[in-house]
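Bear in mind the structure is a predicted one, so any value in this text is a computation, not a measurement.
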Amino acid sequence: MKTQIAIVTTFVLAMYAGCSSSGSVGTQKLPVGSACSADADCGTAPFHCMQGDHPGGYCMRDCDIKNGDGDCPSEAICQYDGMKGECHKKCTATDCRVGYFCSPASTDANNKASHAFCDVSPDMPDGGADH
């Protein structure tokens, strides 16, 4: 009897482990566009923190423009810069934080975006780094 219970327990645990790890798409901790200082602030892959020319960091997720905005959380759109797609926070004129501006929707092949989105402000000569 103990052997049967052990076998059943092992089987159930194996099934649970298989279900919880297959098809994982990462866990989002902060909304796209949030300030961050490390990838872990934003969640697990594919969510990550863009730094450098992104003042205060910017939580993002890579996306495939072929999927439209489907790869992005509801607060974001897939913006394609001609090379790759990245989820950016949707915005209206006043929704972006300091160092960012609300870039308009675009059908341009090198700047596709279905909705206005928060992007690094072009007015910041050093990429918007906080001083």
If we only count heavy atoms from C-beta on, is the [X] to [Y] side-chain gap below 4.5 Å?
X	Y	result
Thr44	Lys29	no
Val120	Tyr100	yes
Phe47	Pro73	yes
Thr107	Lys112	no
Glu75	Lys90	no

Under-2.5 Å SG separation for cysteines Cys59, Cys36: no

Is a side-chain donor or acceptor of [X] paired with a backbone partner of [Y] at a separation under 3.5 angstrom?
X	Y	value
Lys89	Asp95	yes
Arg97	Pro55	yes
Glu86	Gln79	no

side-chain contact (heavy atoms from CB on, under 4.5 Å) partners of Asp71, counting only residues at least two apart: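 Listed in chain order: Arg61, Cys63, Asp64, Asn67.
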
Non-hydrogen atoms of Met83 and Asp81 that approach each other most closely: N-OD1, 2.9 Å

For Ser37 against Cys49, the heavy-atom pair lying closest together: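 Looking at all heavy atoms of both residues, the shortest contact is N-SG, 3.8 Å.
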
Co-membership, hydrophobic cluster, residues Tyr58 and Ile77, 4.5 Å side-chain: no

For Phe117, the option from Ser103, Cys102, Cys96, Cys78 that meets side-chain contact (heavy atoms from CB on, under 4.5 Å):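 Among Ser103, Cys102, Cys96, Cys78, the one meeting side-chain contact (heavy atoms from CB on, under 4.5 Å) with Phe117 is Ser103.
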
Partners meeting side-chain hydrogen bond (donor to acceptor under 3.5 Å, both in side chains) with Asp39 (sequence neighbours left out):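 Asp39 satisfies side-chain hydrogen bond (donor to acceptor under 3.5 Å, both in side chains) with no residue once adjacent residues are dropped.
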
Gap between atom CG of Asp69 and atom OG of Ser74 - 0.5 Å precision: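 If I round to the nearest 0.5 Å, the distance is 11.0 Å.
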
Asp53 side, atom CG; Ser121 side, atom OG - distance, nearest 0.5 Å: 12.0 Å

